[in-house]
Amino acid sequence: MSEIKGKITRISGPIVYAEGLDGCGLYDVVDVGEKKIIGEIIRQSEGNATIQVYEENTGMKIGEDVISSGRPLSLRLGPGLVGTIYDGIQRPLESMYNNSGAFLIPGERTEPIDISKKWKLESAAGITEGSAIQPGTVLGFVQETASIKHKIMVPPAIRGKTLTSFKGNGEYTVDEVIGTTELGEELKLSHYWPLRTPRPFTKKLEVSQPLITGQRVIDVFFPLSKGGTAAIPGGFGTGKTMTQHAIAKWCDADLIVYIGCGERGNEMTDVLTEFPTLIDPRTGRSLMERTILIANTSNMPVAAREVSLYSGITLAEYYRDMGMHVAIMADSTSRWAEALRELSGRMEEMPAEEGFPAYLPTRLAEFYERAGRVNALCGEEGSVSVIGAVSPPGGDFSEPVTQHTKRFIRCFWALDRALANARHYPAIGWIESYSEYADEIREWWDKLDSRWASVRLSALDLLKEEQRLEQIVRLIGPDALPDEKKIILTVADMIKNGFLQQSAFDAVDVYSVPEKQILILLLIMQFYEKGLALIKSGVPLVKIASLSVKDEIVRIKSSVPNDKLELIHEIEKRLEDQISEVARLYRR
């Protein structure tokens with residue numbers, strides 16, 4: 001394709017207008033101005049193009065050249081992605097820092113993955129010259145990190161059906177040709193993929209397995225499935241980022257893609273400094289060996305913030321296509337939506353509610369709909385789970401981003417300001433939160449413990465009843481309630497303190513295996529049922545509440561390690577004994 005060159009006619013912040021770009025495609029990448037700043041055509045009419053630039057363009061002048069690359073904005077996919085920190089357009093921040101210091105230089109280009117490093121390729125069984133291939137065929141394997149075995153696959157865009165040459169086992173850079181097809185197409189360890197285009201798969205599957213996070217309020221009360229979508233809305237300081245950090249550290253995904261799109265720099269700094277020091281509980285090695293970070297904070301170019309979500313989801317789909325389960329943390333989609341609002345305003349589009357563009361719901365849908373559990377082209381099952389933080393101003397869940405997000409997600413973890421102020425973390429409120437995945441993953445839980453569904457609903461009903469009773473108590477005081485109602489308040493406190501509240505600083509409580517989660521809740525509900533039966537037989541609540549086993553139950557979360565669950569059965573036996581003793585005394 002011959003070079004297409006135009007001229008800048010107008011500049012409005014990160015939006016640049018140019019003429020003379022006949023023949024360019026929508027979303028083509030362009031080099032803008034003398035510094036060759038990266039931009040993308042987002043609107044075009046008769047050679048007049050509207051371009052959003054992804055770098056600082058202060059000092060750019062009308063009349064400077066705009067040169068089209070002839071291809072859409074794409075990511076380079078191959079070994080070397082894991083453990084890297086990128087900006088919104090896949091520039092590796094660490095190598096750019098080494099080249100030019102702490103501040104990004106407009107127009108600077110750096111290869112997204114190391115092109116000089118040689119990777120040891122182990123060819124797949126049966127792959128030789130003359131082998132039949134198709135998109136997704138596994139050519140070989142590269143040990144990318146100690147935790148990630150990277151499949152080298154035939155890219156989705158390859159049309160050839162036969163390998164006419166294949167080098168096989170050996171050490172290669174990502175630019176070396178390792179094979180060719182009968183159509184002359186070259187196969188390498190890496191390839192490019194347009195980030196706004198979802199990667200293809202064979203079949204979308206039903207979601208039936210939970211994404212185990214180790215957070216009790218999530219796994220038991222409001223579970224998320226592998227391949228599911230969730231939102232964490234909450235006002236400033238309620239713990240959105242902290243909750244995402246906890247999930248990223250402890251969930252049973254094979255790979256984590258953490259997107260810091262528009263959040264404050266200090267929050268992303270916490271991720272950058274903390275994650276490399278964390279030990280992956282599954283492998284015993286650094287968590288960064290299965291993590292990709294995209295840092296596009298609030299002081300970085302606003303247009304790159306908009307595209308960072310698509311970069312993250314494309315990277316996740318690439319590893320999903322290898323048969324991996326990938327979890328995406330997007331922090332936060334509200335800042336991403338604000339970038340859309342600013343760009344829309346610069347283009348003088350008609351605003352919708354609260355100034356957001358009318359296409360905000362469409363863009364949110366495009367992002368969340370790329371989640372899912374699929375049969376990948378390689379023949380294996382993989383999934384992408386998306387967890388997006390939402391930052392409604394003042395914690396107002398009626399604002400547009402939160403409301404539109406609820407249309408496209410099935411798991412809603414509403415953060416409660418009162419819980420956060422009381423230092424109750426995770427501050428996920430049990431009244432406004434919900435999960436639509438409970439029925440889909442019930443079979444998985446039933447295999448672990450068939451009582452999960454019933455005890456979950458019983459506990460949630462008790463918490464809702466407690467909220468209603470609290471309103472009565474505020475009006476007329478607790479003494480007006482009979483003991484049959486007072487025990488609901490007592491047990492609700494046990495659920496809050498002994499089950500829902502979880503300390504990230506406690507070595508035992510920081511993560512609960514599913515078996516421990518369900519045993520704790522079952523024991524609390526047993527205390528309720530047995531205590532209620534005693535009250536109905538004439539035993540006063542004060543006697544039941546003074547049982548020593550009550551405090552033991554509340555302390556199980558931090559006193560019983562995950563590998564010593566038999567201790568919970570010992571506490572259950574003490575509960576039986578103490579309840580029986582109280583009943584015996586009052587029968588006399």
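Below, each value reflects all heavy atoms present in this structure, side chains not excepted, and no hydrogens, waters or symmetry copies.
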Just so I know, are the side chains of [X] and [Y] near enough to count as touching, which here means a heavy-atom distance under 4.5 Å?
X    : Y    : answer
V29  : Y54  : no
I4   : I67  : no
T291 : V82  : no
E432 : F397 : yes
I42  : M347 : yes

**Q.** side-chain contact (heavy atoms from CB on, under 4.5 Å) between S208 and R373, worked out
**A.** CA-CA 9 Å; S208 58; R373 175 171 164 254; 3.6 Å; yes
Neighbour count above 12 (heavy atom, 6.0 Å) for [X] [atom1]:
X    : atom1 : answer
Y359 : OH    : yes
K36  : NZ    : no
E34  : CD    : no
E94  : CD    : no

Atom pair [atom1] ([X]) and [atom2] ([Y]), whose distance is rounded to the nearest 0.5 Å:
X    : Y    : atom1 : atom2 : result
I428 : I232 : CD1   : CD1   : 6.5 Å
L364 : T405 : CG    : OG1   : 4.5 Å
L463 : R468 : CG    : CZ    : 14.0 Å
I328 : I292 : CD1   : CD1   : 9.5 Å
I41  : L26  : CD1   : CG    : 8.0 Å
L224 : C411 : CG    : SG    : 5.0 Å

If you measure from the Lys or Arg side-chain nitrogens to the Asp or Glu carboxylate oxygens, is any gap between [X] and [Y] under 4.0 Å?
X    : Y    : value
R43  : E349 : yes
R341 : E306 : no
R410 : E440 : yes
D331 : K240 : no

Spell out, as yes or no, whether a donor-acceptor pair under 3.5 Å connects the side chain of [X] to the backbone of [Y].
X    : Y    : answer
Q244 : A330 : yes
D416 : L419 : yes
Q52  : P14  : no
S311 : G88  : yes
Q215 : I247 : no
D254 : H325 : yes
S433 : A414 : yes
N375 : K204 : no
Q517 : S512 : yes
R320 : R199 : yes

Q: Determine, step by step, whether R370 and E317 satisfy the salt bridge (Lys or Arg N to Asp or Glu O under 4.0 Å) criterion, reporting the C-alpha distance in whole Å, the side-chain angles of both residues, the deciding distance to 0.1 Å, and the verdict.
A: CA-CA 8 Å; R370 290 174 70 170; E317 287 177 336; 2.8 Å; yes
Q.
With side-chain hydrogen bond (donor to acceptor under 3.5 Å, both in side chains) as the rule and sequence neighbours excluded, what pairs involving residues 14-25 come up?
A.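 For residues 14-25: none.
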Q: Determine which pairs satisfy side-chain hydrogen bond (donor to acceptor under 3.5 Å, both in side chains) with at least one residue from residues 417-430, sequence neighbours left out, and list them in order.
A: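 Listed once each, the pairs would be none.
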Q: Would you please test R196 and E366 for salt bridge (Lys or Arg N to Asp or Glu O under 4.0 Å) and show each step?
A: CA-CA 9 Å; R196 295 186 187 273; E366 288 174 352; 5.9 Å; no
Q: Please check if any side-chain donor atom of T402 sits under 3.5 Å from a side-chain acceptor atom of E399, or the reverse.
A: yes
Q) Does a donor on one side chain and an acceptor on the other come within less than 3.5 Å for Y434 and E436? A) no
Testing the basics here: between [X] and [Y], what is the closest heavy-atom pair and its distance to 0.1 Å?
X    : Y    : value
L211 : D219 : O-OD1, 3.7 Å
S225 : I441 : CB-CG2, 4.0 Å
Y368 : F408 : CB-O, 4.0 Å

Q) What's the verdict on side-chain contact (heavy atoms from CB on, under 4.5 Å) for K249 and L287, showing C-alpha distance, side-chain angles and the deciding distance? A) CA-CA 7 Å; K249 295 171 194 174; L287 189 64; 4.1 Å; yes
Q: Please state whether the rings of H245 and Y258 are parallel, tilted or perpendicular, taking 30° and 60° as the class boundaries.
A: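 Perpendicular, since the angle between the ring planes exceeds 60°.
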(Q) Below 30° counts as parallel, above 60° as perpendicular, anything between as tilted: where do the rings of F367 and W336 land? (A)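 Rings of F367 and W336: tilted, 30 to 60°.
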Q.
Before you tell me yes or no, could you show the steps for D65 and K7 under side-chain contact (heavy atoms from CB on, under 4.5 Å), namely the whole-Å CA-CA distance, both residues' side-chain angles and the distance that decides it to 0.1 Å?
A. CA-CA 5 Å; D65 290 338; K7 297 286 185 182; 2.5 Å; yes
Q: Mind running side-chain contact (heavy atoms from CB on, under 4.5 Å) on M329 and V257 for me, showing each step along the way?
A: CA-CA 6 Å; M329 310 294 151; V257 179; over 6 Å; no
Q) Taking only residues two or more places apart in sequence, or in another chain, which ones meet Y511 in a ring-ring contact (aromatic ring centres under 6.0 Å, His included)? A) W250
Q: Begin from the C-alpha positions of E381 and K226 and carry the test salt bridge (Lys or Arg N to Asp or Glu O under 4.0 Å) through to its verdict.
A: CA-CA 11 Å; E381 176 190 309; K226 288 180 178 176; over 6 Å; no
(Q) Using a 6.0 Å distance limit plus a 45 degree cone around the ring axis, check whether R71 lies over the aromatic ring of Y192. (A) yes
**Q.** Partners meeting side-chain contact (heavy atoms from CB on, under 4.5 Å) with N99 (sequence neighbours left out)
**A.**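 For N99, the residues satisfying side-chain contact (heavy atoms from CB on, under 4.5 Å) (neighbours in sequence not counted) are E108, T110.
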(Q) Holding to salt bridge (charged side-chain N to carboxylate O under 4.0 Å, His left out), I want the full list of residues that pass it with K35, two or more places apart in sequence or in another chain. (A) none
Q: Enumerate the residue pairs fulfilling ring pair (Phe, Tyr, Trp, His ring centres under 6.0 Å) with a member in residues 298-322, sequence neighbours excluded, ordered by first and then second residue.
A: H150-Y318, H150-Y319, H191-Y318
